[in-house]
Novice: 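Quick one: this structure, given as structure tokens, is what I'll be asking you about.
Chain A is the first sequence line, chain B the second, and so forth, proteins listed ahead of strands; every chain is numbered from 1.
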Amino acid sequence: MTVAPDVLAALFNLSGSSDLAERFNLAPSQEAPVIVRDETGEGRALATMRWGLVPSWARDSKIAHRTINARSETAAEKPSFRSAFKRRRCLVPASWFYEWQGEAGTKVPYRIQRADGRPLAFAGLWERWKGSATEPARTSFTVLTTSANDDVAPLHDRMPCLIEPGDFDRWLTPEVEDPDATRRLLDPAPAGLLTLDRVSSRLNSVRNEGPGLMTPDTLF
DNA sequence: CCAGACGTTGTT
DNA sequence: GTCTGG
DNA sequence: CCAGACGTTGTT
DNA sequence: GTCTGG
């Protein structure tokens with residue numbers, strides 16, 4: 001997430017802009033910016049939530065490690081996601097995303113971004129969790145996935161659901177929903193939209209950050 | 001009735 | 001919270 | 001998603 | 001192998 005605050009505000013029609021630090025290695029379980037409908041339901045607001053959706057009924061947050069993604073084909077029916085699918089949708093802004101190739105221990109990451117350089121918006125769901133005796137309350141989100149298109153297929157058979165600016169309201173406003181129209185919103189992006197570039201395997205550790213991670217490893 | 005699950009990805 | 005399994 | 005830990009006893 | 005941490 002390296003999108004400049006003013007670009008983010010303009011793209012998502014946010015009132016006011018906040019100072020977000022650039023993130024080149026934003027991993028599951030970390031806090032990330034998301035766009036939600038504001039309290040009135042009319043406008044949009046930027047929020048910070050933790051990646052890995054904890055359902056409201058969860059006893060602890062362990063499930064979050066397995067709810068970083070939700071299959072768009074089934075999320076409306078799954079106990080962990082259906083409530084959020086009905087009432088709490090969000091858009092997750094991203095400059096790009098990563099997929100890995102190769103064996104455990106020698107995984108090579110690829111950056112996947114729009115060929116035209118514009119930011120991406122993932123379809124997401126969010127939820128509030130009350131916390132427990134040992135854990136504080138949290139607000140968290142998940143990213144919906146669909147079949148990979150031809151651009152991404154060489155690396156992986158799934159990819160995030162990408163929403164176009166003209167469809168932002170259609171995704172965020174479930175009350176105007178027609179199930180078929182919603183399904184189409186979550187279809188794989190058209191082939192040719194995205195390009196792939198190899199980046200540094202230092203990305204594989206969340207300890208590493210910064211623009212230097214975008215340069216592939218050299219052979220030394 | 002109560003108990004137990006509730007998830008995705010990747011790898012085998 | 002809500003569904004499934006027993 | 002990937003990386004890294006995974007354990008106890010005894011000693012400082 | 002499986003869980004935790006980030």
Side-chain angles (χ1 to χ4, degrees), chain A residues 1-2 21-34 48-88 92 94-113 120 122-132 134-149 152-162 186 188 194 196-210 212-214 216-217:
Chain A
M1 226 313 290
T2 66
E22 283 192 322
R23 293 296 307 278
F24 291 83
N25 200 5
L26 203 167
S29 84
Q30 297 181 339
E31 303 245 305
V34 302
T48 300
M49 299 184 187
R50 213 159 139 176
W51 184 7
L53 185 148
V54 182
S56 60
W57 42 260
R59 283 193 221 158
D60 55 49
S61 66
K62 278 185 200 147
I63 195 171
H65 295 277
R66 296 168 291 177
T67 51
I68 60 178
N69 295 118
R71 295 178 65 90
S72 59
E73 300 90 335
T74 57
E77 289 82 42
K78 294 286 184 182
S80 292
F81 302 127
R82 58 192 168 196
S83 166
F85 195 94
K86 258 190 226 157
R87 289 187 283 277
R88 284 176 300 280
V92 184
S95 307
W96 49 74
F97 61 96
Y98 304 106
E99 296 288 359
W100 281 259
Q101 196 171 58
E103 302 295 307
T106 61
K107 296 225 172 194
V108 177
Y110 287 77
R111 168 170 60 172
I112 302 163
Q113 59 187 331
L120 303 172
F122 305 149
L125 307 173
W126 68 277
E127 192 64 80
R128 279 187 244 268
W129 180 59
K130 301 154 94 85
S132 71
T134 54
E135 291 184 287
R138 88 167 63 161
T139 308
S140 55
F141 73 96
T142 189
V143 173
L144 292 169
T145 63
T146 185
S147 306
N149 69 7
V152 177
L155 290 177
H156 189 36
D157 62 345
R158 305 290 295 175
M159 68 184 285
C161 297
L162 305 180
L186 301 175
L194 302 169
L196 281 57
D197 299 285
R198 188 170 172 169
V199 292
S200 172
S201 61
R202 290 186 303 111
L203 188 81
N204 297 7
S205 172
V206 295
R207 289 190 304 254
N208 301 319
E209 246 302 347
L213 299 174
M214 301 299 94
D217 304 315

Novice: Between atom CD in A:Glu31 and atom P in E:dG5, what is the gap in whole Å?
Specialist: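 The distance from CD of A:Glu31 to P of E:dG5 comes to 16 Å, rounded to the nearest Å.
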Novice: Any base atoms under 4.0 Å from A:Ser80, or only sugar-phosphate, or nothing? Heavy atoms, all strands.
Specialist: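 The residue A:Ser80 makes sugar-phosphate contact but no base contact.
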Novice: Any base atoms under 4.0 Å from A:Asp157, or only sugar-phosphate, or nothing? Heavy atoms, all strands.
Specialist: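 Contact class for A:Asp157: sugar-phosphate only.
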Novice: Which nucleotide sits closest to the side chain of A:Ser29: E:dG6, C:dC3, D:dC2?
Specialist: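 Closest nucleotide to the A:Ser29 side chain: E:dG6.
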Novice: With a 3.5 Å limit on both atom pairs, tell me what B:dT8 is paired to, counting Watson-Crick and G-U wobble, or say none.
Specialist: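 Checking every strand shown, B:dT8 finds no partner, since no pair has both distances under 3.5 Å.
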Novice: For the residue pair A:Phe141 and A:Trp51, categorise the inter-ring angle as parallel (less than 30°), tilted (30 to 60°) or perpendicular (more than 60°).
Specialist: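 A:Phe141 and A:Trp51: parallel rings.
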Novice: Quick one: does A:Trp57's side chain get under 4.5 Å of A:Ser80's, heavy atoms only?
Specialist: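 A side-chain contact exists here, since the closest heavy-atom pair is under 4.5 Å.
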Novice: Between B:dT12 and D:dC1, how far apart are the two P atoms, rounded to whole Å?
Specialist: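 Between the two P atoms, the distance is 14 Å.
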Novice: Nearest-Å distance, CZ (A:Arg138) to P (E:dG5)?
Specialist: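 To the nearest whole Å, that distance equals 11 Å.
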Novice: Can you check the distance between B:dA3 and E:dG6, where both ends of the measurement are the P atom (answer in whole Å)?
Specialist: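 Those two atoms are separated by 35 Å.
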Novice: Mind checking A:Thr145 for me? I need base, sugar-phosphate or nothing, with any heavy atom below 4.0 Å counting as a touch.
Specialist: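 The answer is sugar-phosphate, as A:Thr145 gets under 4.0 Å only of primed atoms, P, OP1 or OP2.
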Novice: Measure CD/A:Glu77 against C1'/C:dT4 and give the value in whole Å, please.
Specialist: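 Computing the A:Glu77:CD to C:dT4:C1' distance gives 16 Å.
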Novice: Are a donor atom and an acceptor atom from the side chains of A:Tyr98 and A:Trp100 found within less than 3.5 Å of each other?
Specialist: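 Note: A:Tyr98 and A:Trp100 side chains miss the donor-acceptor criterion.
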Novice: Please determine, for the side chain of A:Asn69, which listed nucleotide (D:dG4, B:dT9, E:dG6) has the closest atom?
Specialist: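 It is B:dT9.
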Novice: Any donor-acceptor pair under 3.5 Å linking the side-chain atoms of A:Arg88 with those of A:Ser83?
Specialist: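 Side-chain D/A pair, A:Ser83 to A:Arg88: present.
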Novice: Roughly how many Å is it from CZ in A:Phe81 to C1' in B:dA5, rounded to a whole number?
Specialist: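 The answer, rounded to whole Å, is 14 Å.
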Novice: Now, which nucleotide makes the Watson-Crick or G-U wobble pair with B:dC1, with each of the two distances under 3.5 Å?
Specialist: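 Across all strands, the one nucleotide that pairs with B:dC1 is C:dG6.
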Novice: Please report the distance, rounded to the nearest Å, between CH2 in A:Trp96 and C1' in D:dC1.
Specialist: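 From A:Trp96 CH2 to D:dC1 C1': 17 Å.
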Novice: Have A:Thr67 and A:Thr142 got a donor and an acceptor in their side chains that come within less than 3.5 Å?
Specialist: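 There is no such pair between these side chains.
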Novice: Could you check whether A:Asp60 and A:Ser132, counting side-chain N and O atoms only, form a donor-acceptor pair closer than 3.5 Å?
Specialist: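 Side-chain D/A pair, A:Ser132 to A:Asp60: absent.
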Novice: Work out how far the P atom of B:dC6 is from that of E:dT2, and round it to whole angstrom.
Specialist: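 Comparing P positions in B:dC6 and E:dT2 gives a spacing of 15 Å.
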Novice: Sticking with atom P, work out how far E:dG5 lies from B:dG4, rounded to a whole angstrom.
Specialist: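 These two P atoms come out 25 Å apart once rounded.
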Novice: Would A:Trp57 pass as stacked on B:dC6, i.e. its ring centre under 5.5 Å from the base's six-membered ring centre and planes under 30° apart?
Specialist: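 The base of B:dC6 is stacked with A:Trp57 (centres under 5.5 Å, planes under 30°).
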Novice: Heavy atoms under 4.0 Å, any strand shown: does A:Ala70 hit a base, just sugar-phosphate, or nothing?
Specialist: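 Sugar-phosphate only.
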Novice: In whole Å, what is the span from the OH atom of A:Tyr110 to the P atom of D:dC2?
Specialist: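 Taking atom P of D:dC2 as the reference, OH of A:Tyr110 is at 14 Å.
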Novice: Below 4.0 angstrom from OP1 or OP2 of C:dC3, is there any side-chain N or O of A:Arg82?
Specialist: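 Answer no for this pair, as no side-chain N or O of A:Arg82 is under 4.0 Å from OP1 or OP2.
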Novice: Using atom C1' in both nucleotides, what's the gap between B:dT11 and D:dC2 to the nearest angstrom?
Specialist: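 Roughly 14 Å separates the two C1' atoms.
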Novice: Is there a side-chain contact between A:Lys62 and the phosphate of E:dG5, meaning an N or O under 4.0 Å from OP1 or OP2?
Specialist: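 The answer is no; no side-chain N or O of A:Lys62 sits under 4.0 Å from OP1 or OP2.
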Novice: Nearest whole angstrom, please: distance from the P of D:dC2 to the CG of A:Leu26.
Specialist: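 For the pair A:Leu26 CG and D:dC2 P, the rounded distance is 16 Å.
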Novice: Rounded to whole Å, how long is the line connecting atom CZ of A:Arg59 with atom P of B:dA5?
Specialist: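 The distance from CZ of A:Arg59 to P of B:dA5 comes to 9 Å, rounded to the nearest Å.
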Novice: Taking the side chain from A:Asn69 and the backbone from A:Thr145, do they hold a donor-acceptor pair closer than 3.5 Å?
Specialist: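 Answer holds: no.
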Novice: Given D:dA3, E:dG6, B:dT8, which nucleotide is nearest the side-chain atoms of A:Asn204?
Specialist: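 Per side-chain heavy atoms of A:Asn204, the pick is D:dA3.
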Novice: On the nucleotide D:dC2, are OP1 or OP2 found under 4.0 Å from the side-chain N or O atoms that A:Lys107 carries?
Specialist: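 Answer yes for this pair, as a side-chain N or O of A:Lys107 is under 4.0 Å from OP1 or OP2.
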Novice: When you get a sec, tell me which of B:dT8, D:dC1, C:dT2 is the closest nucleotide to the side chain of A:Thr74?
Specialist: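 When the side chain of A:Thr74 is considered, B:dT8 is the closest of B:dT8, D:dC1, C:dT2.
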